[in-house]
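Reading through the structure tokens given below for one structure.
If you're wondering where the values come from, they're calculated on a predicted model, not measured in any experiment. Below, read A as the first sequence line, B as the second, and so on, with proteins coming before strands; counting in each chain starts at 1.
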Number of protein chains: 2
Amino acid sequence: MSSNDLSFAGFSGSPGANLPALRGHNTALVLGLLRAAGEEGVSRLELAAHTGLTPQAVSKITARLRAEGLAAEAGRRASTGGKPATVLRLVPGARHAVGLHLDRDELTAVLTDLAGEAVAVRRAPLDFEAGAEQVLTTAAREVTALRAGADGSPVLGVGVACPGPLDHTTGVLHRVTGAPHWDGFPLRDALAARLGLPVVLDKDTNAAALGLAQDLPRAAGSFGYLHLGTGLGAGLVLGGSLYRGPRTGAGEFGHQTVQWDGPRCGCGRRGCIEALCLAAVARGDLPAAARALGVGAANLVELLDIDRVLLGGRTVLDHPEPFLDGVTEALTDLARTRGGTGAGGAVPVALARGGARAVADGAAELVLAPLFGARGPGPAGGPGAS
Amino acid sequence: MSSNDLSFAGFSGSPGANLPALRGHNTALVLGLLRAAGEEGVSRLELAAHTGLTPQAVSKITARLRAEGLAAEAGRRASTGGKPATVLRLVPGARHAVGLHLDRDELTAVLTDLAGEAVAVRRAPLDFEAGAEQVLTTAAREVTALRAGADGSPVLGVGVACPGPLDHTTGVLHRVTGAPHWDGFPLRDALAARLGLPVVLDKDTNAAALGLAQDLPRAAGSFGYLHLGTGLGAGLVLGGSLYRGPRTGAGEFGHQTVQWDGPRCGCGRRGCIEALCLAAVARGDLPAAARALGVGAANLVELLDIDRVLLGGRTVLDHPEPFLDGVTEALTDLARTRGGTGAGGAVPVALARGGARAVADGAAELVLAPLFGARGPGPAGGPGAS
DNA sequence: TGCACTTTGGCAACAGCGTTGCTTAAGTGG
DNA sequence: CCACTTAAGCAACGCTGTTGCCAAAGTGCA
């Protein structure tokens, strides 16, 4: 593997797996564990235990990673009665990625290392509705400026996060509210052509959720990220991996009906969370907005059995407490009615890490995440070994 | 591989993949395509095209399957200018599985072949609340009686579908409403010990959804199965595979709030779909019940971007039309507000195939599905090759 | 009737994956 | 000083899908 070609993860496209795909899968798995270990590092034997591979296989894989500069030895552990274990660590600076958050009025761009840490940030005013040409020019300028910070190491690609509906698989925008001329525009390919870099496009909420997923302890986690800004949306991480749905339409949380005989929403129907929430925010009644959000969060938790709810978006970030309190109360109430299923207790609510930069950081993760293993949900379930 | 050991699908447990796992993965993939092809069969080259494997690899895999009796040659295609293709078909009778539906007042047991077709059905009255001993005895008796129908071919295992909350991974029941003594009972292991067969336990709605998933054209499908009987629940198939959530809690659809200031539900909260729905059914107003169901279905479609809604359960099966009409109307209304995203049109609604036996058929699928490939959602998405 | 062509599928040799068996490295503890 | 334990590498190996080549079995035109 040389320079920019980091297409691990195999299994892309056709489902059949051959030897290169298998190698890619295991390599990505090991890289993912190295990343999760962070500064502390991991020993080869620990990697073997976590992956289920033999120590010898891990030795070969890590030897390749070291040869490519992606991993390095970093001291030793204290002995436990025998030869002390050699600690391996990810070399974060070996590759970089760019995350681009195109919001309605502002562009945020970050250059991150392999660990997902931002090493440079740029902001610029943006009029998203002004049209493709202007946006592309601004975006290309900012990305080019950031690339200098990579300091020689390859930039793997650019992750782009946008508001409106869009198709992740094709990289095409759909009728963005307030900017109809964007409908059908192949933003991904257009930007890729300008930059000469791979580009991945996704919704802002999905990018943020993907970024937040990297903080979770293990791959098994499921959570919902609720983003309340000028609108209300959600990103869903199920079984450790981002769930986009067949048309990148999953996470349309704002128009969930929670009061079917309620006030009419801009979408034409009644009692949508977004309408209830934003109306309450407009009249300054944040607790009421939080209650509406809480009802939706409870529905989400109940329907998808998720482990955690994270809140973000400008409106929440401006006044976090009332929202945290309101949603916590709704979920506590839910837990009470469910009677505590053993491990019981309410599903925890927290503020999403990253603040205003959460989306841009997550956008970079659109490029990085595939390198570290897809961590999809397992098989539909097999016969228990009786 | 001999007799009962059909543990394909590899990748179970630890995520690291070795050669046996790879072989299992591809074998399951081919078996899945053979099953999907049904009576028509598939040629080796078609299998190669669908899996992305080379024709030679497919030849080796199918040769093994034929040696094991799981596949057979079945005539030839018409020539297209060269040597006519040999058609391969699954041999449905090579293995069997048992599906067990334990409802509150009745037991339904089916013996199915590899294709999932029922070859024998038994029903027996059951008092689920009477206690474990009685239920186990009845279940063991019925399964034993069915096994005779397998006629020498190995029975792979027993899939068991129950109402209440339970844990699929451990096979343990949780506080079933009306039968507190079941709480914590290890039904899977107890039944496996009696029968000497592998047992898989899951919720009735999950089993039904898994069964219905086999009818879908391709692996990519996502749908929600809404089951309205004595209660209201759902089974979610996302990206072609059943989504259970971390604690087998996903699909708790009945207590979704759709009218947060509505009438109080038995669960303690207000405006749950189940309460609204069942109240309407009780007073004979099926259109109103359907409207409530429709609001929930629209929420589901919007949140998870699913392709299809299927309805089932006794209450729906008794009078399908009003429910189909009501839910269709709700989804048509939703599609109108969304403005038709290109391929547009409303998400289709249909009655679940299988009628009263849908759950039992699906229970058998708990055993069969792992043999045919897990078909989980793909990686979180990689950089498009610019 | 014959021959060129196309398509299907198997045989044999091969590269490369993780595994196994064994050896070396580098500590602890009596 | 030596037995013991733990970590990690070397070499040989089994098995995977792949590649190159060839036989089988049709069509279609001369």
I need the [atom1]-[atom2] distance between [X] and [N], as an integer number of Å.
X	N	atom1	atom2	value
R23(A)	dG18(C)	CZ	P	8 Å
E46(B)	dT7(C)	CD	P	14 Å
L47(A)	dG9(D)	CG	P	12 Å
L29(A)	dC17(C)	CG	C1'	15 Å
Q56(B)	dA15(C)	CD	C1'	15 Å
L19(A)	dC15(D)	CG	C1'	9 Å
R76(B)	dA24(D)	CZ	P	13 Å
R64(B)	dC15(D)	CZ	P	11 Å

Reckon [X] has a side-chain N or O less than 4.0 Å from the OP1 or OP2 of [N]?
X	N	value
T54(A)	dT19(C)	yes
T86(B)	dT8(C)	no
S59(A)	dA8(D)	no
R44(B)	dG9(C)	yes
N26(A)	dG18(C)	yes

Tell me whether [X] is salt-bridged to [Y], with the criterion being a basic N under 4.0 Å from an acidic carboxylate O.
X	Y	value
D307(B)	R247(A)	yes
E365(B)	R35(B)	yes
R77(A)	E46(A)	yes
R244(B)	D305(A)	no

Would you mind classifying the nucleic acid contact of [X] as base, sugar-phosphate or nothing, using non-hydrogen atoms under 4.0 angstrom?
X	result
L45(A)	sugar-phosphate
R77(A)	nothing
I61(A)	sugar-phosphate

* Between P55(A) and P84(A), name the one whose nearest nucleotide on DNA chain C is closer to the 5' end. =>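 Of the two residues, P55(A) wins.
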* Between T80(A) and K60(A), name the one whose nearest nucleotide on DNA chain D is closer to the 5' end. =>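 Comparing both residues, the 5'-ward one is T80(A).
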* The side chain of L22(A) lies closest to which of these nucleotides: dA26(C), dT8(C), dG18(C)? ->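 Ranking dA26(C), dT8(C), dG18(C) by closest atom to the L22(A) side chain puts dG18(C) first.
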* Asked: So which nucleotide from dT8(C), dG17(D), dG26(D) ends up closest to the side chain of A85(B)?
  ->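 Nearest nucleotide to the side chain: dT8(C).
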* To do: Locate the shortest heavy-atom distance separating V172(B) from L201(B); write the atom from each residue and the value.
  =>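 Residues V172(B) and L201(B), closest heavy atoms: N-CD2, 4.0 Å.
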* Kindly give the heavy-atom pair with the smallest separation between L47(A) and L88(A), and that separation in Å. =>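 Result for this residue pair: CD1-CD1, 4.2 Å.
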* Helix axis bend for the helix from dT1(C)-dA30(D) to dG30(C)-dC1(D) - C1'-based end axes, five pairs, 10° rounding ->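 Between the axes fitted at each end of the helix from dT1(C)-dA30(D) to dG30(C)-dC1(D) lies an angle of 10°.
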* Asked: Do T54(B) and N18(A) come close enough that some side-chain heavy atom pair is under 4.5 Å?
  ->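 They are not in side-chain contact.
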* To do: Report yes if the side chains of V200(B) and R188(B) come closer than 4.5 Å at any heavy-atom pair, otherwise no.
  =>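 A side-chain contact is absent here, since even the closest heavy-atom pair is not under 4.5 Å.
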